[in-house]
Amino acid sequence: MTTEEQSAVRSARASYVADRWEQLSTMEKESAADAWRFLMLMHAGGAVAILSLMGSLESVRPESLPSAPLVLLYFVVGLLLVGIGKAVNYYRTEYIFRMWRNDVEQYYKESSDFDKLIHNDNERTKSFIWLDLIGWASFLFLIAGFGTGGYALW
């Protein structure tokens, strides 16, 4: 490969690095925001609704909805899972970005090659089962809360 060709390849790779850097930086700030926001709002809304219902039942008949504390527990646990999920997601994304910066630094120092840079990034960005499990667990608590509350009112 000529010096001119090497320069063109290096320039194309530098462009890729810059694009990927921006992508990971944005991902660090906004990753999975919509799904987590949905779960948080639904759990918080469910908890507020059941607390309001429990407050009104105190003056009427507390035995009208014996499952209310259980429903509230489902929403609160789901809300806690959302918080844990958001924290895990942030730290995982921060780790991926930090390691990407380290790999890029090594590449620019020429102590690593581009193929290794890409390989390491691909390995780090594989699916993370724990984050999926936390999200789905929160969603199941949401369904359990609405299901138990709906069944009790039916």
Side-chain angles (χ1 to χ4, degrees), residues 12-108 112-154:
R13 288 178 176 174
S15 177
Y16 174 80
V17 166
D19 290 346
R20 181 68 172 149
W21 194 291
E22 181 180 349
Q23 178 190 25
L24 288 172
S25 177
T26 300
M27 189 172 77
E28 182 176 9
K29 296 173 190 168
E30 300 175 0
S31 59
D34 289 341
W36 291 112
R37 188 177 302 117
F38 168 79
L39 287 170
M40 183 181 69
L41 291 173
M42 295 301 289
H43 281 293
V48 167
I50 198 67
L51 282 171
S52 298
L53 182 62
M54 289 169 72
S56 70
L57 289 177
E58 288 296 323
S59 61
V60 185
R61 296 184 325 252
E63 66 279 354
S64 301
L65 191 60
S67 61
L70 180 61
V71 173
L72 180 60
L73 179 66
Y74 287 149
F75 288 133
V76 169
V77 170
L79 200 52
L80 288 172
L81 286 170
V82 168
I84 291 167
K86 288 179 76 84
V88 167
N89 190 41
Y90 170 78
Y91 284 110
R92 179 174 184 267
T93 305
E94 184 275 332
Y95 166 78
I96 291 169
F97 188 38
R98 181 170 24 94
M99 297 311 292
W100 170 256
R101 288 189 311 252
N102 290 342
D103 285 351
V104 168
E105 185 179 316
Q106 294 303 312
Y107 172 71
Y108 282 139
S112 180
D113 65 12
F114 192 73
D115 291 335
K116 184 174 180 183
L117 175 80
I118 300 304
H119 172 77
N120 289 348
D121 188 47
N122 288 337
E123 287 298 310
R124 282 190 294 269
T125 56
K126 288 183 178 177
S127 180
F128 187 63
I129 190 70
W130 291 107
L131 194 56
D132 296 339
L133 290 175
I134 293 168
W136 281 108
S138 178
F139 186 67
L140 290 175
F141 274 100
L142 182 68
I143 291 172
F146 283 130
T148 304
Y151 180 76
L153 292 173
W154 185 37

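Sequential numbering from 1 along the given sequence is applied to the chain's residues. The figures that follow rest on heavy atoms only: side chains count, while hydrogens, waters and symmetry mates do not.
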Where do [X] and [Y] come nearest, in terms of heavy atoms and distance?
X: L131; Y: G85; value: CD1-O, 3.3 Å
X: R92; Y: T125; value: NH2-C, 3.9 Å
X: Y16; Y: F114; value: CD2-CZ, 3.7 Å
X: T148; Y: L70; value: CG2-CD2, 4.3 Å
X: L81; Y: W36; value: O-CZ3, 4.0 Å
X: L24; Y: T93; value: O-CG2, 4.4 Å

Kindly compute the distance separating [atom1] ([X]) from [atom2] ([Y]), expressed to the nearest 0.5 Å.
X: S112; Y: H119; atom1: OG; atom2: NE2; answer: 10.5 Å
X: L39; Y: I134; atom1: CG; atom2: CD1; answer: 12.0 Å
X: Y74; Y: L140; atom1: OH; atom2: CG; answer: 11.0 Å

Q) Given M99 and N120, is the side chain to side chain contact (heavy atoms under 4.5 Å, CB included) satisfied, shown in steps? A) CA-CA 9 Å; M99 297 311 292; N120 289 348; over 6 Å; no

Salt bridge (Lys or Arg N to Asp or Glu O under 4.0 Å) between R124 and D103, intermediate numbers included = CA-CA 12 Å; R124 282 190 294 269; D103 285 351; 2.6 Å; yes

Answer yes or no: is there a side-chain heavy-atom contact under 4.5 Å between [X] and [Y]?
X: V17; Y: L117; value: yes
X: L41; Y: R37; value: yes
X: F141; Y: L80; value: no
X: Q23; Y: D19; value: no

Open item on the list: Go through it in stages, so that I can follow the logic: the residues are F128 and V88, the test is side chain to side chain contact (heavy atoms under 4.5 Å, CB included), and I'd like the CA-CA distance, side-chain angles, deciding distance and then a yes or no.
Closed with: CA-CA 10 Å; F128 187 63; V88 167; 3.7 Å; yes

**Asked** Do the charged groups of K116 and D113 touch, with an N to O distance under 4.0 Å?
**Response**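 No, this pair does not count.
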
Does the pair E105/R101 count as a salt bridge with the N-to-O cut at 4.0 Å?
-> no

task: I would like to know whether I50 and L53 meet side chain to side chain contact (heavy atoms under 4.5 Å, CB included); could you show each step before the answer?
output: CA-CA 5 Å; I50 198 67; L53 182 62; 4.0 Å; yes

Exercise. Take the angle between the ring planes of F75 and F146 and call it parallel below 30°, perpendicular above 60°, tilted in between.
Key: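 F75 and F146: perpendicular rings.
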
### Message
Surrounding CH2 of W21 (heavy atoms of other residues, nucleotides or ligands, distance under 6.0 Å), is the total greater than 12?
### Response
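More than 12 heavy atoms, drawn from other residues, nucleotides or ligands, come within 6.0 Å of this atom.
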
Would you say that more than 12 heavy atoms from the other residues, nucleotides or ligands in this model lie under 6.0 Å from the CD of E123, or not? yes

### Query
Does the ring centre of W100 sit less than 6.0 Å away from the ring centre of F97?
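No; W100 has its ring centre 6.0 Å or more from that of F97.
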
| said: Taking S138's backbone N and O only, do any of them form a donor-acceptor pair with H43's side chain (distance below 3.5 Å, no angle check)? | reply: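 Yes.
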
**OP:** Could you walk me through whether L133 and W136 pass side chain to side chain contact (heavy atoms under 4.5 Å, CB included), step by step?
**Re:** CA-CA 5 Å; L133 290 175; W136 281 108; 5.8 Å; no

